[in-house]
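Report on the following structure.
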Amino acid sequence: MAAPAVVFVSPATVPRPSTTAEHRRATLRGLDSCRSMPELRQYHSQLIRLGLSEDNDAVGRLIKFLALHPSGDLPYALHLLGLLPRPDPFVFNTLLGALPSPAESLLLYSDMLLRYVAPNSFTFPSILKPISAGRDIDAGRQVHAHVLKLGFHPDVFSQNNLIRFYLSCGLTVDARRVFDTMARTDVVSWTTMISGLSKLGSVDEARELFDRMPERNSVSWNAMIAGYVQCGRFKNAFELFSRMRTEGIELNKFVAASMLAACSGMGALEQGEWIHGHIERMGIELDPKLGTTIIDMYCKCGCLDKAFKVFRGLSCRGLSSWNCMIGGLAMHGLGKEAVKLFDEMMKEEVIPDDITLLNVLSACAHAGLISEGRHYFYYMVREFRIEPKMEHFGCMVDLLGRAGLLDEAKQVIQEMPMDADAGVLGALLGACKIHGNVDLGEQIGRRVIELDPLNSGRYVLLANLFASAGRWDDAAEVRRLMNDRGVNKEPGCSMIEMGGVVSEFIAGSKSHPQAREIYVMVDEMLERIKAEGYAPDTSGVLHDIDEEEKENPLYYHSEKLAIAFGLLNTRSGDTIRITKNLRVCRDCHAASKLVSKVFDREIIVRDRNRFHHFMGGECSCRDYW
DNA sequence: CTAGGGTTAG
């Protein structure tokens, strides 16, 4: 049956219902499907004409639209509430949840009490929404007191929202207290705890709850999987995912998105492709978020062409899709292409944000596009009205410094409106290392270490800078400082996926089942590239930009082990993909170039900063990294 | 022909 005709065009066309009650009903139904402000105004005037301006139900629907719809009008909603002689809890509840700040929400709540409107079980979840979002601890505690005072503690909805509130404020103990004393919990109580604890870094505590919970749905599974992904524990995410599959839980788009992020983190292309395939097989629609997650997966797994294909195929592209694609091109050193895509985005009149510009600047930095970088940096405020943040300055320092324009980089730091953080100064330090400016590097390096005393990379970089200048005593002193502070070097680790299985290698480690063959292969590999002119870069023990254990011979850096494993499991013409946690060192970079030529493989290495595509003895970064 | 509003996942 067709929907009943509702009237908001002109009085002449209005079909006249026989009774006012019928008229009222039709108007209320129509209001529920109202989609725009002009339409709403028509309904409002109609309500007034029907004498319904004091009708809670009717005006309540108006308020609901005004409060919740994106094109709504909160002040108007509050105004209407003020006109109601006997507002009911519903009207208050709707507005309590829609107000932007905890203070306003709390104020309206006290207004509600002053007008003798009794809160019901919908009231506390509503008011806790802005309070949780605004992390207002005092407001939340007051609400908690009222939940108890007014006897709503048996209400699971209210309790679940108190848990959410405490977790959003980082108050794990309070959240736990509510959770542990609940007479009845439901799946949402458990899932809220799991998700909240994970976001606060207590994934293991979350996992204990997950294992104990009486009933799990796909939301619970995904909350736990996402928890692992967010803290970088991809292996745990994969383990849990396969358990989820064996238990026959639906792989919906949320789980797919989480797992795609896990694949991105590990650079696990085959797994990622499988998830993408599953999304297609299941006919799951690509919303902008999911589409972007797939694009990100392909970018971070080294498959730019596939990322582009998905990007081009998206029916609904969000800003983040553009940002992601531009960032992907940047990571792969394709600066010109990134700038081109940015131009295309401008032509389509998509409004860029700070991330867009950051990615454009980073694209310029990775490709050495100095003048383009300067252009976008100086014009981002004027043309796009985007104020540069710390990261933008860092990017500029990186761009200029890497190109050897140390003075200009220094000038950027001096002129920036905030104090440079360790990231920005670290970029300058890196540039000093590349260009052998020991004096500036020493000065900057010491400041970076004080700003970021727990980051091993900073010490290593400064020590290496001293070592490269022959200042061994200074280098040793920096190392001593690092050791005294108990800062440990992050061990270099390389991952490679073969047949859907991810193998991890740590420098010098022999724990892999094929370790013997791999080490034999490394030796053969090095012999064969030596014939092509490879000379191990052993100039000084601490010579590399970063960071693999100097105690381990250069030859058994994790990257070389991973390449050897890749060679054992591929044939001539194949591609080997490796993901590293640190930056690729100079020696491994040189070796990889030659291996790609001698063994006829394309080797794609993702390091901490960017991608290197080695082929035919060359690297896509043109040694500019 | 007195409903309408609230919580967990990317």
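Keep in mind it's a predicted model, so treat the numbers as computed, not measured. A, B, ... follow the sequence lines: proteins, then strands. Residue 1 opens every chain.
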* side chain to side chain contact (heavy atoms under 4.5 Å, CB included) partners for A/I48, two or more places apart ->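 Side chain to side chain contact (heavy atoms under 4.5 Å, CB included) check on A/I48 returns A/H44, A/S53.
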Pair [X] + [Y]: ring centers closer than 6.0 Å:
| X | Y | result |
| --- | --- | --- |
| A/H276 | A/Y298 | yes |
| A/F342 | A/F384 | yes |
| A/Y166 | A/H144 | yes |

* Between the side chains of A/T356 and A/N323, does any donor sit under 3.5 Å from an acceptor? ->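 Looking only at side-chain atoms, A/N323 and A/T356 do form a donor-acceptor pair, the distance falling under 3.5 Å.
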* For residues A/T293 and A/K289, is any side-chain donor paired with an opposing acceptor at under 3.5 Å? -> no
* Planes under 30° and centres closer than 5.5 Å, is that true for A/F90 with the base of B/dG5? -> no
* Asked: Does A/F254 lie flat on the base of B/dG10, that is, centres under 5.5 Å apart and planes under 30° off?
  ->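 The base of B/dG10 is not stacked with A/F254 (the test needs centres under 5.5 Å and planes under 30°).
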* Where along residues 123-153 of chain A does a heavy atom fall under 4.0 Å from DNA chain B? ->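 Only A/P125, A/S126, A/K129 qualify.
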Selected nucleotide, minimal atom distance to [X] side chain, candidates [options]:
| X | options | result |
| --- | --- | --- |
| A/S121 | B/dG10, B/dG4, B/dG6 | B/dG6 |
| A/S258 | B/dG10, B/dG5, B/dT7 | B/dG10 |
| A/D57 | B/dT7, B/dA3, B/dG5 | B/dA3 |
| A/P89 | B/dG10, B/dG5, B/dA9 | B/dG5 |
| A/R61 | B/dT7, B/dA3, B/dG5 | B/dA3 |

Describe the nucleic acid contact of [X] in one word from base, sugar-phosphate, nothing, applying a heavy-atom distance below 4.0 Å.
| X | result |
| --- | --- |
| A/N56 | base |
| A/L290 | base |
| A/D155 | base |

* Structure fact -> Only one of A/F241, A/Y228, A/W190, A/F210 passes ring-ring contact (aromatic ring centres under 6.0 Å, His included) with A/W221, and that residue is A/F210
Does [X] contact [N] through a side-chain donor or acceptor facing the base, at a distance under 3.5 Å?
| X | N | result |
| --- | --- | --- |
| A/D88 | B/dG4 | yes |
| A/N161 | B/dT7 | no |
| A/D287 | B/dG10 | yes |

* Can you check whether A/K199 has a side-chain N or O nearer than 4.0 Å to OP1 or OP2 of B/dA9? ->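 Yes, such a contact exists.
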* Answer yes or no: does a side-chain N or O of A/S195 lie under 4.0 Å from OP1 or OP2 of B/dT8? => no
* Structure fact -> Residue pairs meeting salt bridge (Lys or Arg N to Asp or Glu O under 4.0 Å), one or both in residues 252-266 of chain A, sequence neighbours left out, come to A/K253-A/D287
[X] has an atom [atom1]; how far is it from atom [atom2] of [N], in whole Å?
| X | N | atom1 | atom2 | answer |
| --- | --- | --- | --- | --- |
| A/N222 | B/dT7 | CG | C1' | 16 Å |
| A/N120 | B/dA3 | CG | P | 13 Å |
| A/M193 | B/dA9 | CE | C1' | 17 Å |
| A/L108 | B/dG6 | CG | P | 15 Å |
| A/L95 | B/dG4 | CG | C1' | 13 Å |

